[in-house]
Protein chains: 4
Amino acid sequence: MDREKRKEQILDCAKKLFAEHGYYQAQISDIIRDANIARGTFYRYFTNKKDIFVTLLENFYERWVSEVSLKRKMMDLETIPPEEHFRHRVQQSLQFFAGDPYLSRIFLRMGLGLPPDMENTIKRLENQILELIVKDLNLGIKHNNIPSDIDVTVTANLLIGATLRIAYYYFAEPAKQGGAVKDVEAITDEICRIVLPGLFLKHTGAK
Amino acid sequence: MDREKRKEQILDCAKKLFAEHGYYQAQISDIIRDANIARGTFYRYFTNKKDIFVTLLENFYERWVSEVSLKRKMMDLETIPPEEHFRHRVQQSLQFFAGDPYLSRIFLRMGLGLPPDMENTIKRLENQILELIVKDLNLGIKHNNIPSDIDVTVTANLLIGATLRIAYYYFAEPAKQGGAVKDVEAITDEICRIVLPGLFLKHTGAK
Amino acid sequence: MDREKRKEQILDCAKKLFAEHGYYQAQISDIIRDANIARGTFYRYFTNKKDIFVTLLENFYERWVSEVSLKRKMMDLETIPPEEHFRHRVQQSLQFFAGDPYLSRIFLRMGLGLPPDMENTIKRLENQILELIVKDLNLGIKHNNIPSDIDVTVTANLLIGATLRIAYYYFAEPAKQGGAVKDVEAITDEICRIVLPGLFLKHTGAK
Amino acid sequence: MDREKRKEQILDCAKKLFAEHGYYQAQISDIIRDANIARGTFYRYFTNKKDIFVTLLENFYERWVSEVSLKRKMMDLETIPPEEHFRHRVQQSLQFFAGDPYLSRIFLRMGLGLPPDMENTIKRLENQILELIVKDLNLGIKHNNIPSDIDVTVTANLLIGATLRIAYYYFAEPAKQGGAVKDVEAITDEICRIVLPGLFLKHTGAK
DNA sequence: AATGAATGAGCATTCATTCAT
DNA sequence: CATGAATGAATGCTCATTCAT
């Protein structure tokens with residue numbers, strides 16, 4: 001268990017450094033300095049640089065799956081109004097990114113030219129996010145809440161792009177320009193206000 | 001003029017490689033191999049690696065200014081309906097990114113940890129895009145087309161995030177998953193369909 | 001302590017190479033080959049090429065201060081005849097250069113165009129040597145052993161030039177032309193023979 | 001003849017640059033920039049970098065032969081008192097170096113590690129100077145003006161070292177510390193004052 | 001387990017020289 | 001003769017990884 005703790009500590013230092021300097025510019029030397037361990041010790045916990053980066057990404061991925069993806073399934077579409085359902089998801093996503101700004105930064109500003117493993121992990125997460133939203137949209141269509149002739153892929157990308165961008169802008173940038181960090185709640189409201197009218201069909205009183 | 005041509009050729013090769021492998025992984029050796037020039041020749045045209053990358057970025061920046069930013073000002077808000085105005089801008093932006101997939105890829109997947117000059121160039125372009133949209137939104141509010149209580153910064157980021165993401169997804173990814181490359185026109189319609197209703201006030205018949 | 005030993009060994013190899021080929025022509029590749037270490041190992045001990053060269057120079061400088069400059073102060077001008085005093089200094093200087101021919105060679109044939117740090121270290125040593133001699137001459141003048149109307153700067157330069165040249169000729173040149181390496185003692189005698197009569201006032205019997 | 005002029009001009013620029021930055025740090029690029037000629041033009045006048053440097057050195061060498069070495073032979077040892085003879089030589093040498101500070105600087109601060117040709121040219125000049133002085137000293141001994149038991153090589157090196165050092169100090173250093181540039185005449189007097197008494201035998205009244 | 005000295009492939013950059021125009 | 005674009009061998013330095021202690 002002590003070993004696990006140490007590993008966590010190294011991961012934390014690495015996360016911070018990767019978030020600040022990116023994969024190539026964050027060096028093993030920096031990590032072991034910040035983690036206060038010897039060079040060789042690092043390699044007792046991670047096989048190589050790629051490994052620690054992928055570990056970080058996988059953690060992020062798993063957390064996303066459990067905190068956003070799985071939770072969403074639990075929500076009962078039957079009882080909750082669809083707009084409220086949508087709202088919850090946006091809020092959950094923003095909350096997730098706000099919860100770990102360093103990892104968000106790493107994920108949201110992933111550069112080109114990373115080793116294939118990493119690219120794959122990222123692609124995997126991105127695709128899963130995309131698919132989840134597409135599934136949601138299709139569900140909305142099936143339930144007659146969303147018009148059946150929208151392009152779900154474009155729409156899903158629109159929603160993802162908007163959400164990630166806002167998450168990056170408000171939670172992952174080091175020096176925030178707009179003064180105080182915005183409230184997740186308030187941002188969620190704003191997003192819904194713009195997107196909901198075009199996305200959901202108006203429910204006429206009598207159903 | 002011949003010199004200009006050669007420089008262009010080197011830039012083209014570099015662009016492709018940066019788009020594929022990113023800044024750090026695209027090596028001078030690759031560039032000179034692809035451009036079929038000697039090592040020293042490269043340094044006759046660019047002072048260093050950073051220089052060629054920044055040049056690429058600046059080109060992109062200038063083209064954006066002239067092709068999107070400037071053109072937008074010319075549109076007459078008085079005669080064109082505001083929704084149509086918005087539609088044009090989205091279309092222009094998508095068209096711009098579609099026009100140079102390589103550069104778009106470089107720009108849209110810019111990694112962390114780049115030399116400060118580059119970060120600045122990127123930040124500059126991003127901020128200018130943001131400001132332009134904010135200005136547009138404020139104009140819409142002033143003209144009573146957009147509700148005055150929206151958060152313009154959140155909304156602008158939403159629009160940028162959505163547009164860039166879609167541009168990246170459809171035009172800058174090397175292996176397209178969804179089959180044929182989508183039509184700019186069609187995507188524009190889709191975006192407008194989702195966003196317009198929530199963004200613009202309904203004009204009641206009697207004005 | 002082992003680390004110190006290794007550093008010393010690298011310095012020794014570098015000294016030899018710098019003495020033979022000068023700063024620019026002695027390459028890191030040569031040093032690591034002669035020192036039988038890997039490229040990276042060199043940079044564990046010295047931050048760069050300049051560093052190892054300056055280290056060599058500083059060593060030389062410090063040794064000169066302790067072996068020649070400080071020792072000289074200890075000599076009692078009251079009890080020792082001034083000519084004898086002068087003789088000691090010449091001998092000490094020659095001994096110093098003879099003691100480390102490689103470093104002497106580096107120091108005595110320092111080329112133009114070296115990085116400023118090095119130039120400064122050299123200038124510092126040269127000036128200190130000059131000042132020490134000027135001080136000595138002034139002391140001789142005060143004690144009425146040296147005529148008060150000599151130009152101390154010209155004289156000091158004359159003595160330095162003569163000494164360094166002879167040191168270089170007899171101790172620092174790789175292929176000795178004149179057969180056997182001369183004895184420090186004998187050379188000292190010769191120098192004194194030429195210079196003393198013109199430098200020191202004749203002490204008439206009754207003082 | 002125009003060609004000769006152009007060559008001279010290039011040599012002048014190169015001389016200045018070599019004097020300032022040394023052989024390795026003075027680049028062809030600098031020379032052609034200062035000489036205001038094209039890259040290729042340089043190579044029409046000199047086969048390579050070494051060539052122009054050696055040319056400079058050879059010029060210096062030849063000038064020394066004609067201005068110092070040859071002139072000295074013409075002086076009649078029979079009619080001129082030996083001390084006066086010595087004085088002339090010192091003055092001539094100083095004058096020579098004072099006459100071309102740039103070249104003096106190049107010659108007097110020649111670094112280690114130069115291509116063999118150059119080393120040879122330098123050695124040749126140095127040896128010739130040495131030999132000339134040795135010959136002079138031997139002549140003095142033969143004429144009974146100089147004690148026969150001095151070590152001519154040590155003495156010659158002493159004289160050369162002293163003279164070159166003073167020449168460098170007063171004429172070849174860019175920023176002179178001691179205020180105004182000293183007069184050749186005055187320096188000569190000073191040197192003679194120190195060295196003559198020990199070098200020359202006292203001529204007793206009756207010869 | 002922990003350490004940190006040693007490693008060496010790899011990279012950006014320089015600069016004297018060539019040669020087609 | 002003059003030009004200057006092109007060349008590429010050579011060099012200093014970096015940094016992820018290994019391994020003996």
Side-chain angles (χ1 to χ4, degrees), chain A residues 2-3 6 23-33 35-53 115, chain B residues 2-3 5-7 10 23-33 35-53 115, chain C residues 2-3 5-7 10 23-32 35-53, chain D residues 2-3 6 23-33 35-53 115:
Chain A
D2 212 42
R3 176 175 170 81
R6 178 81 89 121
Y23 180 70
Y24 291 108
Q25 249 35 26
Q27 275 136 234
I28 301 290
S29 299
D30 300 328
I31 298 173
I32 62 170
R33 177 182 21 79
N36 211 28
I37 56 169
R39 212 166 195 74
T41 307
F42 175 87
Y43 286 90
R44 291 196 51 71
Y45 290 89
F46 302 96
T47 58
N48 53 31
K49 193 182 183 183
K50 221 167 59 183
D51 181 32
I52 195 173
F53 195 80
Chain B
D2 213 45
R3 175 176 172 82
K5 219 164 200 165
R6 177 79 92 130
K7 192 166 184 176
I10 301 175
Y23 180 69
Y24 292 108
Q25 248 36 24
Q27 274 133 236
I28 300 291
S29 299
D30 300 329
I31 297 174
I32 63 171
R33 179 182 18 80
N36 210 28
I37 56 171
R39 214 162 193 74
T41 307
F42 175 87
Y43 288 92
R44 280 190 54 70
Y45 292 89
F46 303 96
T47 55
N48 51 32
K49 193 182 181 182
K50 217 167 65 181
D51 182 33
I52 196 172
F53 195 80
Chain C
D2 212 44
R3 176 176 170 82
K5 219 165 201 165
R6 178 78 92 128
K7 192 166 183 176
I10 301 174
Y23 179 68
Y24 291 108
Q25 247 37 25
Q27 274 132 237
I28 300 291
S29 300
D30 300 329
I31 297 174
I32 62 171
N36 209 28
I37 55 170
R39 214 167 194 74
T41 306
F42 175 87
Y43 288 93
R44 278 189 57 68
Y45 291 89
F46 303 95
T47 56
N48 51 32
K49 193 182 180 181
K50 221 168 61 182
D51 181 32
I52 194 172
F53 195 80
Chain D
D2 210 43
R3 175 177 169 81
R6 177 81 88 122
Y23 180 69
Y24 291 108
Q25 247 37 25
Q27 274 136 235
I28 301 288
S29 299
D30 300 329
I31 298 173
I32 63 171
R33 178 182 21 80
N36 212 27
I37 57 170
R39 210 164 195 79
T41 307
F42 175 87
Y43 287 89
R44 291 198 51 72
Y45 290 89
F46 303 95
T47 56
N48 52 32
K49 193 182 181 181
K50 222 167 60 183
D51 182 32
I52 196 172
F53 195 80

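Just so you know, these numbers use all the heavy atoms, side chains as well, and skip hydrogens, waters and symmetry mates.
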> Can you name the side chain to side chain donor-acceptor pair (under 3.5 Å) partners of B:Y24, sequence neighbours left out?
Replying inline: A:Q25
> How close or far is atom C1' of F:dA16 from atom CZ of A:F53, stated in whole angstroms?
Replying inline: 16 Å
> How would nucleotides 15-21 of chain E be written as a contact map, 5' to 3', with B for base contact, S for sugar-phosphate-only contact and - for no contact, using protein heavy atoms under 4.0 Å?
Replying inline: BBBB---
Please tabulate, for side-chain N and O atoms in residues 35-43 of chain B, each donor-acceptor pair with protein atoms closer than 3.5 Å (sequence neighbours left out).
unit_1	atom_1	unit_2	atom_2	d
B:R39	NH2	B:S29	OG	3.0

>> I need the minimum non-hydrogen distance between A:R3 and A:R44, along with the two atoms involved.
In response: NH2-O, 3.0 Å
>> Whole angstroms only, please: what is the CD1-P distance between D:I37 and F:dG4?
In response: 11 Å
> Given pairs defined as Watson-Crick or G-U wobble with both distances under 3.5 Å, what dot-bracket annotation applies to DNA chain F, with ( ) intrastrand, [ ] crossing, | other strand and . unpaired?
Replying inline: .||||||||||||||||||||
>> The criterion is side-chain contact (heavy atoms from CB on, under 4.5 Å); which residues satisfy it with A:N48, sequence neighbours excluded?
In response: A:K50, A:D51
> C:I32 CD1 to F:dT14 P: how many Å, rounded?
Replying inline: 14 Å
>> If I take atom OH from residue A:Y45 and atom CZ from residue A:R6, how far apart are they, to the nearest 0.5 angstrom?
In response: 5.0 Å
> Rounded to whole angstrom units, what separation is found between the NZ atom of B:K5 and the P atom of F:dA6?
Replying inline: 14 Å
> Are the side chain of A:K49 and the backbone N or O of A:Q27 linked by a donor-acceptor pair below 3.5 Å?
Replying inline: no
> From D:I52 CD1 over to D:I28 CD1, what is the distance, rounded to the nearest 0.5 angstrom?
Replying inline: 7.0 Å
> Looking at residues at least two apart in the chain, or sitting in another chain, which of them share a salt bridge (charged side-chain N to carboxylate O under 4.0 Å, His left out) with C:K7?
Replying inline: none
>> In whole Å, I'd like the distance from the CZ atom of C:R6 to the P atom of E:dG4.
In response: 17 Å
>> Between P on E:dA12 and CG on B:D51, what's the gap in Å once rounded to a whole number?
In response: 14 Å
>> Checking A:R33 now: which residues fulfil salt bridge (charged side-chain N to carboxylate O under 4.0 Å, His left out) with it, not counting sequence neighbours?
In response: A:D30
> Taking CD1 from C:I52 and C1' from F:dG12, how many angstroms apart are they, rounded to a whole number?
Replying inline: 13 Å
> Taking atom C1' of F:dT7 as reference, at what distance in whole Å does atom CZ of B:R33 sit?
Replying inline: 18 Å
> Is A:Y45 near enough to E:dA1 that one of its side-chain N or O atoms lies under 4.0 angstrom from OP1 or OP2?
Replying inline: no
